[in-house]
Enquirer: 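Take a look at this one; I'll ask things after.
Order of the sequence lines fixes the chain letters, A, B, ..., with proteins taken first and strands second; residue numbering starts at 1 for each chain.
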Protein chains: 2
Amino acid sequence: MLKRLYLKNPQDTLLGRQITTKALQLINTIGFEAFTFKKLALNIKTTEASVYRYFENKHHMLLYLVNQYWTHIYNVAQYHCQTEPKAKNRIQFILKLILNPELPEHKIHTSFDINALYQLVLWEGSKTYLTRNVNQFNKNLFFKPFKELSLLLAREIKIFHPTYKFSKSLASTLLEMAHLQHFYSLYLPSLTDAKKNQPRDVMRFLNQLLNM
Amino acid sequence: MLKRLYLKNPQDTLLGRQITTKALQLINTIGFEAFTFKKLALNIKTTEASVYRYFENKHHMLLYLVNQYWTHIYNVAQYHCQTEPKAKNRIQFILKLILNPELPEHKIHTSFDINALYQLVLWEGSKTYLTRNVNQFNKNLFFKPFKELSLLLAREIKIFHPTYKFSKSLASTLLEMAHLQHFYSLYLPSLTDAKKNQPRDVMRFLNQLLNM
DNA sequence: TAAAAATAATAGTAATACTATTAATAAACA
DNA sequence: TGTTTATTAATAGTATTACTATTATTTTTA
């Protein structure tokens, strides 16, 4: 019943790794709608059919890449939370992490370019669940990495504010808004108080939402 | 320089009105990605080429419909704000409006089905700006209705909390989250504290964000 | 080394996203 | 009123997309 996001694990072969690496670059360059397996294949001098041996379609590929991102963020967050004794600091760490995933103190090994994955999630992340397949994808646990991170943050919020009634909603709001306020600051500045490329501005806003 | 969202105003002809009405239904049924002008044309027994005489492409058509929604909401909000003396009540009215746009007290004439437009914005709204054309679209004022509503709400927040530093970010957050928390409650319930189809739950959360 | 298995490329197809051209209809005006 | 003009709609295309079935090649392993 439970399906994987790939037909064949792209990390197992050289071609597979080229496919995912170049797909990330190409989607970031031209956008997910304009991205096709044909263009990807031309870029790495293979064929469309070979790409199809790894991924059923481009939506699955997008979810695979987005999940690489959230899994990485979750792992870094989880690792840090184990050693940090104060809930307040744990929350601050997670917020800093989702705003600046490439900072030195956040580094844990991944084969992917974290900044590129951040860009991908910023632009294309919502498209993973804004589809009529959302229920089927959810059953297959395709959103597990994001949901686990959100629940981790919700638990920390609950520890910090035990009487607070909306920890899950607040956690997902913080995760979504970290990206969206950044996006607004770049492209729709009248929708935000954050200055262009000032994650600290977004941080201040998120902290205000947390009453911290 | 400034472009319109349509090539020919669909409200001016019977065929145009059929096109927009059926497009709204069809996108809501099958989703924007699966929606094509061909399918639309078959549905109203016209031809693809005729639809192209009204809209340059389906993305423009989506923006046209989404803007019908935000324009309507803005008008209702604006109208009510003129007569309501208390800023707190004006904010509450706007929040109720975006959560329940079809309530009797919100009714103002539109030729569109407001519930259908709400569904459309819930599922497809973000896709209007998550595109590489965002700057060009923004220059053409394609996001004006949403931005004006957000600024209206930001002004009311500023009146209510004159020292508050993030009124624009908070306004856009409330508008986005009203929809997203509802979506989560329906399809990804672990990301929210709101129960399925309980706009009051979302309302309580948004009020908490406002400290009201 | 030969057979089996895994991988990749070739060569398609149906559907999509348009466009150029022609036909039909309605409006303007002489 | 009849003719011209402008508007609107339909026909018939094309290049691209999103796949799939089949064949060829390479790698593994018995």
Enquirer: Quick one: do B:Y54 and B:L7 satisfy side chain to side chain contact (heavy atoms under 4.5 Å, CB included)? Show the steps, please.
Expert: CA-CA 5 Å; B:Y54 288 85; B:L7 300 172; 6.0 Å; no

Enquirer: Between P on C:dT16 and CG on B:L26, what's the gap in Å once rounded to a whole number?
Expert: 11 Å

Enquirer: Could you say whether A:A34 or B:L15 is positioned toward the 5' end of DNA chain D, judged by the nucleotide with the nearest heavy atom to each?
Expert: B:L15

Enquirer: Under 4.0 Å from OP1 or OP2 of D:dA18: is there any side-chain N or O of A:K38 that close?
Expert: no

Enquirer: Aromatic contact between A:H182 and A:W123, with the criterion being ring centroids under 6.0 Å apart: yes or no?
Expert: no

Enquirer: Where along residues 45-65 of chain A does a heavy atom come under 4.0 Å from DNA chain C, residue by residue in number order?
Expert: A:T46, A:T47, A:A49, A:S50, A:R53, A:Y54

Enquirer: Hey, does the side chain of B:K39 come within less than 4.0 Å of C:dT16's phosphate (OP1/OP2), counting only N and O?
Expert: yes

Enquirer: Separation of B:I19 atom CD1 from D:dA9 atom C1', in whole Å?
Expert: 10 Å

Enquirer: Would the B:F166 and B:Y164 ring centres measure less than 6.0 Å apart?
Expert: yes

Enquirer: Determine whether B:Y64 and B:F55 satisfy the following criterion, ring pair (Phe, Tyr, Trp, His ring centres under 6.0 Å), listing intermediate values before the conclusion.
Expert: CA-CA 9 Å; B:Y64 173 84; B:F55 293 99; 5.3 Å; yes

Enquirer: Using atom CG of A:L7 as one end and atom P of C:dA8 as the other, report the distance to the nearest whole Å.
Expert: 13 Å

Enquirer: Looking only at the aromatic ring of each residue, does the gap between the centers of B:Y129 and A:Y187 stay below 6.0 angstrom?
Expert: no

Enquirer: In whole angstrom, what separates A:I30's CD1 from D:dT16's P?
Expert: 14 Å

Enquirer: Could you give the CD-to-C1' distance, from A:E33 to D:dT16, as a whole number of Å?
Expert: 16 Å

Enquirer: With a distance cut-off below 6.0 Å to the six-membered ring centre and an angular limit of 45° from the axis, does A:K58 pair with A:F32 as a cation-pi contact?
Expert: yes

Enquirer: Quickly work out the B:F37 CZ to D:dT16 P distance and round it to whole Å.
Expert: 20 Å

Enquirer: Tell me the interatomic distance from B:D12, atom CG, to D:dA9, atom P, rounded to whole angstroms.
Expert: 11 Å

